[in-house]
Structures are given as structure tokens and as C-alpha cells.
Amino acid sequence: MCGIVAYVGHREAYPIIIKGLKRLEYRGYDSAGIALMNGDLNVYKKKGKVADLEQYLEGQKLNSTIGIGHTRWATHGEPSDRNAHPHYSENKNLAIIHNGIIENYASLKQDLENRGHVFHSDTDSEVFIHFIEDIQQNAKCSLEEAVRLALSKVVGAYAIVIISRDNNNQLIAARKGSPLVIGVGKDEFFLASDATPIIEYTNEVVYVNDLEIAIIRDNKLTIKTIENTDNTPYIQKLDLELEAIEKGGYDHFMLKEIFEQPKSIKDAMRGRINSENNHLVLGGLRDYMNRMLSTNRIVIIACGTSWHAGLVAEYIFEELARVNVEVEYASEFRYRNPVINEGDVIIAISQSGETADTLAAIELAKSKGAIIFGVCNVVGSSIPRATHAGAYLHAGPEIGVASTKAFTAQVTVLTMMALSLAQKKGTITESKFHELLVDLEQIPTKVEQILAQSEKIKYISQEFKDAKNFLYLGRGVNFPVALEGALKLKEISYIHAEGYPAAEMKHGPIALIDEEMPVVVVATKDNSYEKIVSNIQEVRARKGKVIAIVTEGETHIQKMSDFVIEIPATHDLLVPLLAVIPLQLLSYYIAIYRGCNVDQPRNLAKSVTVE
Ligand code: M6R
């Protein structure tokens with residue numbers, strides 16, 4: 001939610017910031033803006049995409065070796081030029097970029113207005129910078145001190161960078177709850193919401209922690225806590241290749257990421273499993289495995305697609321490790337005084353590692369004595385740092401707003417966790433354990449076989465591009481796949497879609513079925529096969545159009561469906577890893593046929609760092 005970029009050093013800041021904003025555009029794309037010290041402290045901003053800002057600035061003299069930039073996902077105030085960041089302070093001495101929400105901005109604003117401040121936007125961020133300047137003037141202190149005092153008074157979440165007209169070799173940044181990374185080059189610094197704008201200049205980064213203030217002045221980085229204690233900057237090496245954040249010949253990041261899944265699933269397993277010697281180790285969990293072994297209850301918390309991965313995991317953990325699992329929306333969990341006992345284990349799943357509700361749910365569970373495991377993709381993000389132990393997905397950067405490869409990597413990692421627990425608890429036999437490892441290792445090749453059918457899926461998509469509604473059905477472990485297929489379609493094509501457990505259809509949704517209704521059914525050969533055949537008959541009897549995901553070689557369902565997509569056979573519990581692939585492609589192609597912007601769907605942002 002909102003991307004921030006800043007630069008100070010010896011190069012031209014403008015091209016670095018614009019390029020960085022384009023890399024961060026997945027975080028928000030309502031408006032964009034930039035502040036530079038070109039003669040004076042100048043702010044340029046525009047409603048729309050970063051490209052609109054770039055076009056607006058064409059031909060202007062923008063030379064400056066320092067600058068800040070922002071791409072917005074609107075929270076306070078509609079998307080407009082005036083609400084775009086950066087925002088000036090009252091005297092235009094300072095400008096700020098801000099990602100997050102200042103919850104007590106209304107009372108601060110009222111107080112400042114009473115004392116003559118005039119605001120030019122509806123944002124909380126403008127209040128924030130007025131407040132800082134006000135403190136600086138009244139307390140007659142340095143900007144650094146004023147920022148520190150202001151931060152002790154604001155309530156909410158922020159990653160901010162401030163530029164000052166008085167010093168063109170100084171940036172002051174801070175974070176609480178929203179991410180901020182500093183790239184350290186030779187006599188230059190790059191600040192951003194994540195490492196993607198930084199990687200082509202340096203691979204040395206400092207992740208700013210919550211309640212830390214970073215002061216970059218005269219080519220030196222100092223980190224202090226909000227209590228004014230010095231913290232030595234901890235420089236880490238980035239493990240990220242530039243090509244991983246580029247489209248690499250694909251039309252969209254989403255398509256690239258769908259096609260990357262044979263590799264990302266393999267990467268999630270790399271060094272962790274080897275069926276030849278029955279080896280399965282998740283290093284990050286080792287120290288806390290005993291807590292997992294002794295627990296009677298695992299609670300999974302997540303949002304969106306990650307929540308769907310959690311639902312798949314519920315079936316797998318319960319089946320293999322015979323432990324009680326509950327799956328919760330993080331946003332519901334955190335607000336309903338959940339019963340958490342000391343022995344409980346929480347698994348928090350998040351691609352970005354920054355989702356505000358998931359983070360808050362973790363803190364709540366921690367305060368009640370639970371042990372928290374994280375399953376995240378973005379290395380160094382907030383959730384892995386807030387958990388006791390965890391396993392990274394190693395799926396590589398996911399930039400398309402619609403999550404695809406993160407889902408399959410999450411299910412892969414969670415399956416490995418369940419298998420490891422089951423083996424240690426003795427709830428599965430060694431032969432079953434071995435069989436599942438072998439099947440898991442074969443998944444990437446089977447995903448490749450499904451991807452090879454993309455032309456066929458594209459053809460089916462064209463048939464249904466004008467549908468108004470879609471129903472997705474699945475049973476057992478494939479019910480969450482139905483939910484995920486429906487979510488993918490909704491978010492990028494804006495077609496209304498619902499996922500249902502197939503057997504629930506007759507309790508209501510069946511009323512929706514007519515000749516206009518496409519019904520996507522995950523109908524693979526497993527122990528609920530006969531039942532799902534009956535569900536398909538029920539849809540047919542009401543003239544619904546059936547698109548069935550079936551096991552390779554299946555002929556019975558072929559005869560009663562309008563379209564079938566075959567997927568290779570695998571262990572029942574691993575089917576979601578395969579069945580979701582055609583559903584991702586179906587939603588992608590339908591969205592393309594409808595002319596939708598699949599990488600930047602309306603109203604969405606990649607990481608939801610606000611409640
Ligand atoms: O980064 P997270 O996995 O915590 O994000 C959770 C959801 O915001 C995310 O999965 C969202 O639903 C995606 N747009 C789904 O494609």
C-alpha cells in the first residue's frame with residue numbers, strides 16, 4: 001500500500017526515483033509524485049500512474065542529486081493531484097512521503113488549524129509534516145529531534161522520508177509497521193518500501209526496524225531509536241537478481257509468475273527434501289519443532305490467497321499429523337478476543353510478510369503466550385521478524401497483484417511442515433512418508449505439463465469472457481482451490497465469482513444455475529469422485545455450463561462436461577498444487593480478453609499494510 005523511494009548521493013535523483021516508483025507501482029497506482037532540490041524544494045505530482053507523472057514532467061529541468069518519490073494507494077482522500085504525495089509543510093521548508101495511516105491525524109489537524117495552519121489536501125500525511133515543522137519551530141530544535149518528538153505523539157503506522165530545503169545532503173526516514181529498506185552504495189543511499197528499486201545499484205541493504213529513525217547526512221547513515229539511542233546499522237547482502245523483478249519477455253508479471261511455478265515450487269523444496277534418502281528438513285523450524293510436536297492445536301492466520309493456502313494446509317495437517325487445525329482470517333481473529341492457550345501453535349502465512357492484519361494477529365497471539373511460525377516469501381519483511389521461527393517460500397519476488405506462485409509455494413512449504421510433523425509424531429508410516437516425498441518432487445514436472453495446455457485454456461477463456469457470474473466447486477482439499485479460483489477471477493476480470501464446497505451447492509447456490517452460468521468443477525479422481533460426478537449431473541440438469549478439471553485419462557466426466565482440462569494424477573492431498581494452475585490461467589486469459597489490467601487491477605494493492 002503505497003510505494004516510497006528516495007535517493008541522496010552523486011547521481012541524478014530523478015531517473016532513479018521514477019524507475020524505482022515503476023518497480024513499486026504494484027503497491028498502489030492512484031497517483032504519483034516526486035520532490036527534488038532543483039533550485040528550490042519543488043514538488044511535482046499527478047493523479048494516475050507513474051507514467052502519467054513522467055509524461056507531465058517531460059522537458060522540465062529536474063536536476064538534483066537528492067529527491068523523494070511516492071506512488072499512492074488512497075486511504076485518506078480520493079485519488080487526485082492534491083492528495084498525491086509528496087506533501088509540503090506549512091512553510092514549504094519540508095516535504096514528506098508517507099506509507100501508512102496516522103490514526104490521530106484529525107485531532108492534530110484541528111489543533112494545527114486553530115493555530116493558523118492551512119492544508120491543501122485531505123491526507124493524514126500532510127498533517128504529519130505540518131506537525132513536524134510546527135514542533136521544530138516551537139521547540140527550536142533540529143529536524144531530527146522534531147521528527148523524534150512527533151513520532152512519539154502520532155498513533156498509527158508509517159514509513160516516511162523527509163527532505164528539507166535547508167540541507168540538500170540530508171534525508172530523514174522512520175518506520176513503524178510499514179516497510180523501509182535502505183540501500184547502501186558508495187557515497188550514496190537509496191531508500192524504498194522494498195528492495196526492488198535498489199537492487200540494480202547495490203546489494204547491500206539495511207532493513208529499518210519499527211520505531212527506528214534513519215538519518216542520512218553528509219554521506220553517513222545513522223540509525224537511532226525513537227528514544228534517541230544509537231543503533232548500529234546492520235548491513236545485509238540482498239539475495240535478489242535483477243531479472244527476477246523484470247517481465248522477462250512475458251506480457252504481464254502475472255503470466256510470468258504463473259509460468260515460473262515449476263521453478264518456484266522446486267525452489268521451495270530445494271535443500272529441504274530428498275526422497276532417495278527419505279530426507280525432509282525445514283531448518284528454520286528445527287529449534288521449535290518440539291513445541292509443534294506437543295501441541296494439541298494449530299491456528300493458521302492469514303488473509304486472501306494466503307488464507308486459502310491455510311485452508312489447504314488444514315486438510316493436510318489433520319490427515320497426516322492428526323492435529324486439530326483451525327484457519328482464521330487474521331482480520332477477524334485479531335478483533336474477537338480469541339481463546340489462545342500457552343501450548344498453542346500459530347502459523348502465520350503471508351507472501352509479502354507485511355499484511356497489517358496478519359501482523360496484528362501475530363502480536364495478539366504472542367501476547368497470550370503462543371509460539372508463532374511464519375510462512376513468508378519476502379525475506380527480511382516484518383512478519384518473519386515478528387515470529388519465533390519459520391520457513392521462507394523462496395518463490396522469488398511476486399509482483400503481479402494477483403497472487404499465483406506464492407500460493408503453490410505456500411502449499412508446498414505447509415505440506416512439508418505437515419509431513420515433517422507427521423513423521424516425528426509417527427502418525428504416518430515410513431512408506432507413506434516416502435510415497436508423498438516422491439509425489440511432491442514430481443509436482444514441478446506435472447505443473448509443466450499443465451502449463452503446456454495454456455492455448456487450450458486460452459480458447460476456453462474466450463468462450464466465457466462475457467459471463468456475468470461464475471461458480472467454482474471443489475470438495476475436500478480442493479474446496480479451497482475453488483475459493484482461490486473464484487478470487488483470481490474476481491480480482492483481475494471483475495466478474496462476480498463464488499467458490500463453494502460442491503456438496504453445499506444444493507443448499508442455496510444451485511438456485512443461480514441456468515444456461516448463462518459457467519461452473520468450474522475440480523473433479524479429479526479421488527475418494528470424493530463419485531460424489532462430484534453427481535454434483536456435475538445436478539449442474540447439467542439445470543443447463544449450467546461445466547468446465548471440469550479432471551485427472552488425465554478420465555473419460556466419464558469428459559462426456560458430461562462442456563470443457564475439460566486434464567491434470568496429471570498425483571496423491572489426493574497434493575492435487576491443489578496442480579488443480580489451481582488451470583484456474584490461474586483461466587482467470588488471466590479471461591481478464592485479457594476483457595481488456596483488464598491484470599497486473600494492476602482496480603482498487604487493489606499488492607501488500608495491504610493498512611487495516
Ligand atoms: O502478502 P499476503 O500474502 O499477506 O497478502 C494477503 C492478501 O492480501 C493477498 O493474498 C491478496 O488476497 C491477493 N491479491 C490475492 O491474489
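All ligand and atom numbering here is 1-based and tracks the order in the structure. Here the structure is a predicted model, which means the values were calculated and not measured.
- Between Ser306 and ligand 1, at least one pair of N/O atoms sits closer than 3.5 Å.
- For the pair Arg594 and Tyr494, the NZ or CZ position fails the cation-pi test of under 6.0 Å to the six-membered ring centre and within 45 degrees of the ring normal.
- Partners of Tyr472 according to the side-chain hydrogen bond (donor to acceptor under 3.5 Å, both in side chains) rule, which considers only residues two or more places apart in sequence or in another chain, do not exist here.
- At least one heavy atom of Val401 sits under 4.0 Å from some atom of ligand 1.
- Closest to atom 1 (O) of ligand 1, if we only count protein heavy atoms, is Ser352 OG, 2.6 Å.
- Proximity of Lys488 to ligand 1, defined as any heavy-atom pair under 4.0 Å, is confined to the side chain (atoms from C-beta onward).
- Atom 8 (O) of ligand 1 has Val608 CG2, 3.9 Å as its closest protein atom, hydrogens excluded (heavy atom only).
- Cys303 O, 3.3 Å is the protein heavy atom nearest to atom 6 (C) of ligand 1.
- Relative orientation of the His85 and His70 rings is parallel, given thresholds of 30° and 60° on the angle between their planes.
- The closest protein non-hydrogen atom to atom 4 (O) of ligand 1 is Thr355 OG1, 2.4 Å.
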Residues 262-270 side chain polar contacts: donor-acceptor under 3.5 Å, at least two apart:
{"from": "Lys263", "atom 1": "NZ", "to": "Asp267", "atom 2": "OD2", "distance (Å)": "2.7"}
{"from": "Ser264", "atom 1": "OG", "to": "Glu260", "atom 2": "O", "distance (Å)": "3.3"}
{"from": "Ser264", "atom 1": "OG", "to": "Gln261", "atom 2": "O", "distance (Å)": "3.4"}
{"from": "Asp267", "atom 1": "OD1", "to": "Arg270", "atom 2": "NE", "distance (Å)": "3.1"}
{"from": "Asp267", "atom 1": "OD1", "to": "Arg270", "atom 2": "NH2", "distance (Å)": "2.5"}

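- Side-chain contact, Thr412 with Arg272: no donor N or O sits under 3.5 Å from an acceptor N or O.
- Among all non-hydrogen protein atoms, the one lying nearest atom 14 (N) of ligand 1 is Glu491 OE1, 2.9 Å.
- Phe479 and Tyr315 have their aromatic ring centers separated by at least 6.0 angstrom.
- Where the criterion is an N or O separation shorter than 3.5 Å, residue side chain and backbone included, Thr305 meets it with respect to ligand 1.
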